[in-house]
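All ligand and atom numbering here is 1-based and tracks the order in the structure.
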Amino acid sequence: MLATRKIYDAIVVGGGHNGLTAAAYLARAGLSTLVLERREIVGGCCVTEEIAPSCRASTTSYIASMLRPEVIQDLKLAEYGLRMVPCDPAIQVPFQDGQVISWWADRDRGKAEFGKLSAKDGQTFVRVDDQLKKLARYLQPFFLEPPPEIETRSLRGWSDLFRVSKRFRGISSGEVAQLVSFLTGSLGEFLDNNYESEKVKTMFLANNVYGKHGGPYQPGTAIGLLFHLLSGGEHELQGFFGHVMGGMGAITQALAASGTKFGAEIRTSSPVAQIDVRSGRACGVVLEDGTEIRSRIVLSNADPKRTFLKLLPGKELPDEFLHSVRGIKMEGPCAKVNFVLAEEPRFTGTPANYTPLQRTFYTLVPSLEFAERCYDIAKLGEIPEQLWVDCVVSSNADDSLAPKGKHILTCFVQYVPYHLRQGTWDANRELLGDRVVKKIAEYAPNVPNAIVARQVLTPLDLERTYGLTEGNIFHGDLRLEQLFFMRPVAGWAQYRTPIEGLYLCGAGAHPGGGVTGAPGHNAAHQVLRDWKKGRFKEAAA
Ligand SMILES: Cc1cc2nc3c(=O)[nH]c(=O)nc-3n(C[C@H](O)[C@H](O)[C@H](O)COP(=O)(O)OP(=O)(O)OC[C@H]3O[C@@H](n4cnc5c(N)ncnc54)[C@H](O)[C@@H]3O)c2cc1C
């Protein structure tokens, strides 16, 4: 075995945006830090890649809505080229009768747009928006701190419970009830109880439930309403949706540049085969080519299943912990299809005076019932004929992505199964692509004949190429029993793991998936607190 002599303070396995965030904070604090990324580029599922000559797309994630303002500022991402332009309309839904409804950032404009469908719903929109934003503000502070330790036998447990209860000072019993119903209830029931127009309900659907298991009538799906109202972007706007100039990869390029400036070392094409554990303590890694690299601590940006079931010898972990990790719900349920087009998609019903930026974001989902059926088919292992497709004409927001005359259309697709009942994803990849094209053609008939290149990423491709176990885009479904002090599993939500010196810093840790930087930020701060206590002085010696 090859061994490098240097002992790093910290090795980060994986250069996704959370690994890079963690590394930058650790390097900023003076720890010698090495990031090891298996792919030839950093970024994980926050990347811009060439999908045809000179044509670049955000191949996986495509909208920045929740990137923490603190991370942007602390790591000076604007100085490293990060620039976001608000999506306005945040989304728009073309309906099959040719009407296009837009969700404007300006609330009065939103009220007027929904009011066209139902005057009552226009009024309700304002009331519900206030209510949701207020509730989201209670949750906001939890995003950038470890969840409480609910172990009340320890002093730490009690002080954590005190910390949590302080955050809810002043909350009314009505708000507690609302919060509980958002955490446990279904989006569909919430909408049925509050709105009368099916189109208004569909607008809310289109703005939520992304990447999550469950149709809109399944318990736990209302939670997205609050998640989407956590503030994001440079200016801490609640409900921010942003196009990133240069594609999503500009975020991870800025993070990498910031980390490097603070002194972090980043190596790509360096897949880690194993996290090295000696006497119950992480002390480095072994790469797939056999190279050993030592460190005092290791942070894993890989998802929990990959980290604990693949990168660690099973004997190092308690059975009960392994059992909980095996039970984490992954299994898809989405895919991505990226296109280069020879002409801009023309979505029927788009007002003629819309600017290119306003002609960027279209969600193709006609109703809640449609989405519910789509999930039901996918959960049985079949590829639905009728898919829910989110379309972003990203070259309309940023014309540097493609040469003049070419257009980039990036499409998020749900729901699709990871486990197919019949056949393989390799055999069904193009079928999925064809179904997506057919769906888009219903709304933008010029698209099929304008396709120059097409890239289909099935859940299996998301696993193979991006390292996402079972293609799950959030490193574990965002359901109540997999959130907060139960993420990744109950008892281990504080970024530490049963292995001394091994931390989880990716989306599988609190507060979960999405391009937020929050797990990376929180894990790094947990490491630094432990580091200051002198916990790792003897490690790797
Ligand atoms: C198709 C798709 C669409 C999405 N759309 C959006 C969106 O629009 N907006 C949004 O906010 N979020 C979106 N998401 C979710 C979001 O991108 C992810 O939740 C988030 O980027 C996860 O970041 P991460 O750094 O925790 O993990 P990842 O990005 O998964 O990074 C983990 C890194 O670890 C590396 N790695 C794994 N194993 C090893 C190993 N053994 N050795 C070395 N390296 C290893 C991987 O290669 C990867 O680079 C989307 C995700 C996908 C896949």
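- Taking any N or O of N301, backbone or side chain, at least one lies under 3.5 Å from an N or O belonging to ligand 1.
- Remark: ligand 1 and G514 share an N or O pair separated by less than 3.5 Å (distance only, no angle test).
- Atoms of ligand 1 lying under 4.0 Å from any heavy atom of L468, numbered from 1 in the order shown and given with element: 30 (O), 53 (C).
- Using a 4.0 Å cut-off between charged side-chain N and carboxylate O, R56 and E49 make no salt bridge.
- The existence of a salt bridge linking D530 and R496 is confirmed by a sub-4.0 Å separation between a basic side-chain nitrogen and an acidic carboxylate oxygen.
- Between F347 and Y362, the ring planes lie parallel to each other; the angle is under 30°, not in the 30° to 60° tilted range.
- In this view, F484 and F142, H510 satisfy the ring pair (Phe, Tyr, Trp, His ring centres under 6.0 Å) rule, not counting sequence neighbours.
- Close approach to G506 involves these atoms of ligand 1, each under 4.0 Å from a residue heavy atom: 26 (O).
- Atom CG of L139 is separated from atom CZ of F143 by 9.0 Å, given to the nearest 0.5 angstrom.
- Among all non-hydrogen protein atoms, the one lying nearest atom 28 (P) of ligand 1 is H475 NE2, 3.7 Å.
- Of all atoms in ligand 1, listed by their number and element, those nearer than 4.0 Å to a heavy atom of G513 are 19 (O).
- Looking at Y210 against ligand 1, nothing comes within 4.0 Å, counting heavy atoms.
- Taking only nitrogen or oxygen atoms, main chain and side chain alike, V272 reaches within less than 3.5 Å of ligand 1.
- The SG atom of C283 sits 5.0 Å away from atom CZ of R294, with the distance rounded to the nearest 0.5 Å.
- Residue G44 has at least one heavy-atom neighbour below 4.0 Å for each of these atoms of ligand 1: 29 (O), 31 (O), 48 (C), 49 (O).
- Panel note: side chain T221, backbone Q218; a donor-acceptor pair is recorded below 3.5 Å.
- Residue-level proximity to ligand 1 for L311 is carried by the side chain, the only part with a heavy atom below 4.0 angstrom.
- Residues R454 and D434 are paired through a salt bridge, judged by an N-O separation under 4.0 Å between the basic side chain and the carboxylate.
- K305 has no carboxylate O lying under 4.0 Å from a charged side-chain N of D303, or vice versa, which leaves the two without a salt bridge.
- Using bins of under 30°, 30° to 60° and over 60° for the plane-to-plane angle, the ring pair F204/W103 lands in the perpendicular bin.
- Looking from atom 6 (C) of ligand 1 to the surrounding protein, the closest heavy atom is S61 CB, 3.2 Å.
- Ligand 1 has no nitrogen or oxygen under 3.5 angstrom from a nitrogen or oxygen of R306.
- Of the protein's heavy atoms, C45 N, 2.8 Å lies nearest to atom 29 (O) of ligand 1.
- At the top of the distance list for atom 31 (O) of ligand 1, counting protein heavy atoms only, stands G16 CA, 3.3 Å.
- Of all protein heavy atoms, the one lying nearest to atom 9 (N) of ligand 1 is I63 O, 2.8 Å.
- Remark: distances from the non-hydrogen atoms of E37 to ligand 1 include one below 4.0 Å.
- Near P271, meaning under 4.0 Å from one of its heavy atoms, ligand 1 places the atoms 42 (N).
- Under the 4.0 Å criterion applied to side-chain N and carboxylate O atoms, E265 and R267 are assigned as salt-bridge partners.
- For ligand 1, the atoms closer than 4.0 angstrom to any heavy atom of A302 are 37 (C), 38 (N).
- Nearest to atom 2 (C) of ligand 1 among the protein's heavy atoms is T60 C, 3.6 Å.
- Ion pairing of E37 with R39 is absent here, as no side-chain N (NZ or NE/NH1/NH2) approaches a carboxylate O to less than 4.0 Å.
- What sits closest to atom 11 (O) of ligand 1 on the protein, heavy atoms only, is V515 N, 2.8 Å.
- At the top of the distance list for atom 39 (C) of ligand 1, counting protein heavy atoms only, stands R38 CD, 3.4 Å.
- With ligand atoms numbered from 1 in the order given, ligand 1 contributes 43 (C), 44 (N) to contacts under 4.0 Å with heavy atoms of L36.
- Taking distance alone, with nitrogen or oxygen atoms compared against 3.5 Å, A507 approaches ligand 1 more closely than that limit.
- Ranked by closest heavy atom to atom 25 (O) of ligand 1, the top entry among N18, T410, I41 is N18.
- Put simply, the residue from T59, T410, T60 that forms a side chain to side chain donor-acceptor pair (under 3.5 Å) with K336 is T410.
- Note: no N/O pair closer than 3.5 Å links V13 and ligand 1 by distance alone.
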For V416 and T458: C-alpha separation, side-chain torsions, deciding distance, then whether side-chain contact (heavy atoms from CB on, under 4.5 Å) applies. CA-CA 8 Å; V416 288; T458 68; over 6 Å; no
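- Under 3.5 Å, the side chains of N396 and T360 contain no donor-acceptor pair of N or O atoms.
- Between K336 and ligand 1, no pair of N/O atoms sits closer than 3.5 Å.
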